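Just so you know, these numbers come straight off a predicted model, no measurement behind them.
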Amino acid sequence: MTSLDKQATEALAKGLPDGPQIADEQATKAAFFEAFGGVRGMVETTVPGLVFVLCYTITRDIHMSAILALGITGVMFLARLVQRGTTKHAFSGVFGVVIGAVFAMMTGDAKNFYLPGMVYTLGLGLGYVITAACGVPLLGLILGPVFKENLSWRTRNPGRKRAYVKASYVWGGILLAKSAITFPIYFWGDATQLGWLRVALGIPPFLVAVYFTWIILVKAPPPIDVIAEMEAEEAAEKEAAERRGAGGGEPVTEGAARPDGAAFADGAGAPGPGEPGQGPAGGHRY
């Protein structure tokens, strides 16, 4: 447990006013790193490109550089499998490196090693901006399941929807800015310049985007835990079914006739004189 986690736990235990806020901030940070791969994910996405540009700068051999990048990517992916960790971020890294390496070796141009990643960055930046403008921010679709709110923010939590829209614009702006810097180097620079620029623009912009997103979301209304709501509903239905089973079936309604023909409680609901089932003097016809 980190010092911030201990601080949040102690604040909640003591009932301090900032306890829920500290805990909320910790949950938001943890969700970000879970959704985007964390420190290890950043390393796994940066190292292959760094290995490629370092090897190419020294040897000017596209094939050797691409093979080394593929090798280090494969080792990191296998390490994930051995440790039984999540492989979604590692798999996406392997997929991108494989495409880039094959494209660079086929064309004989080292700059093409980075082209698939550049196109992906441009498309993702446009996706953030367009979905935010349409009122369905991409960041909300990504983080909704992580916060266990799914898509409840769209209809039940307008304040959080506005926060996701703002944060999506932040991500879109940063990614589009990266594209505006790297594509001119791709067209008019050389492979080493592009490679070192891609490495330099890897982690820092990501951290900036995460920081501003965190600032925006911690000020937004808390997420609605729809998973907890569903579990509570299921528990309530189960409890109601158990109560019905323990009562021997449907509960007896006050004033209703009993199946054994016993007298009504306190005479409530009993037929009066002259009512069906009785004679004039209150005696039964039969």
Side-chain angles (χ1 to χ4, degrees), residues 2 4-5 8-9 12 19-42 44-45 80 84-93 95-96 117 120-179 203 205-237:
T2 65
L4 287 174
D5 292 333
T9 303
L12 286 171
Q21 181 180 358
I22 295 173
D24 221 22
E25 292 177 0
Q26 293 307 310
T28 303
K29 288 180 180 178
F32 286 152
F33 280 100
E34 179 184 346
F36 298 110
V39 175
R40 186 171 181 176
M42 289 187 290
E44 290 173 343
T45 56
R80 286 269 192 177
R84 296 183 179 180
T86 176
T87 59
K88 59 182 180 180
H89 300 289
F91 180 78
S92 62
F95 186 71
Y120 173 77
T121 298
L122 176 60
L124 189 60
L126 291 173
Y128 275 116
V129 172
I130 292 173
T131 56
C134 293
V136 190
L138 180 58
L139 193 66
L141 302 178
I142 295 173
L143 293 181
V146 176
F147 285 118
K148 299 181 180 180
E149 61 180 334
N150 294 340
L151 298 180
S152 62
W153 50 267
R154 292 192 61 193
T155 56
R156 300 173 57 190
N157 205 340
R160 195 161 182 85
K161 178 180 177 179
R162 288 192 295 270
Y164 279 137
V165 169
K166 293 178 182 178
S168 291
Y169 277 126
V170 169
W171 280 90
I174 290 175
L175 294 178
L176 292 178
K178 285 180 61 176
S179 297
I203 294 178
F206 171 82
L207 294 178
V208 171
V210 169
Y211 174 75
F212 279 106
T213 303
W214 174 65
I215 291 297
I216 293 171
L217 288 188
V218 294
K219 296 179 181 179
I224 299 173
D225 193 338
V226 295
I227 305 300
E229 289 182 345
M230 292 173 59
E231 291 175 349
E233 290 178 1
E234 291 177 357
E237 291 176 357

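Two residues are said to be in side-chain contact when any heavy atoms from C-beta on lie closer than 4.5 Å; Y128 and I142 meet this criterion. Side-chain contact between W153 and L141 is present, with heavy atoms from C-beta onward closer than 4.5 Å.
Between the T131 side chain and the P137 main chain, no donor and acceptor come within less than 3.5 Å of each other. Side-chain N or O atoms of N150 include none that pairs as donor or acceptor with a backbone N or O of S152 at under 3.5 Å.
The minimum heavy-atom distance linking G172 with V129 is given by the pair CA-CG2, 3.8 Å. The two residues K161 and R154 come nearest to each other via the heavy atoms CD-O, 4.0 Å. When every heavy atom of Y164 is checked against every heavy atom of G144, the shortest pair comes out as OH-N, 4.3 Å. The shortest non-hydrogen separation linking P221 to G159 is CD-C, 3.6 Å. Contact detail for P145 and G140: the closest heavy-atom pair is CD-O, 4.5 Å.
Going from atom NZ of K166 over to atom CD1 of I215 covers 13.0 Å, rounded to the nearest 0.5 Å. Taken to the nearest 0.5 Å, the CH2 atom of W171 stands 5.0 Å off from the CZ atom of F206. With values rounded to the nearest 0.5 angstrom, I203 atom CD1 is found 6.5 Å from T45 atom OG1. Remark: L124 CG to L138 CG distance equals 6.5 Å, nearest 0.5 Å. Here L126 contributes atom CG and S179 contributes atom OG; the two are 7.5 Å apart, rounded to the nearest 0.5 Å. Rounded to the nearest 0.5 Å, atoms CG (N157) and CZ (R162) are 9.0 Å apart.
Residues that satisfy the side-chain contact (heavy atoms from CB on, under 4.5 Å) test with F212, not counting sequence neighbours, are V170, V208.
Checked against P205 for a side chain to side chain contact (heavy atoms under 4.5 Å, CB included), the options L175, V210, I174 give a single hit: I174.
Screening residues 123-150 for salt bridge (charged side-chain N to carboxylate O under 4.0 Å, His left out) gives E149-R160 as the qualifying pairs, with residues at least two apart or on separate chains. Annotation: salt bridge (charged side-chain N to carboxylate O under 4.0 Å, His left out) contacts involving residues 125-143, sequence neighbours excluded, are absent.
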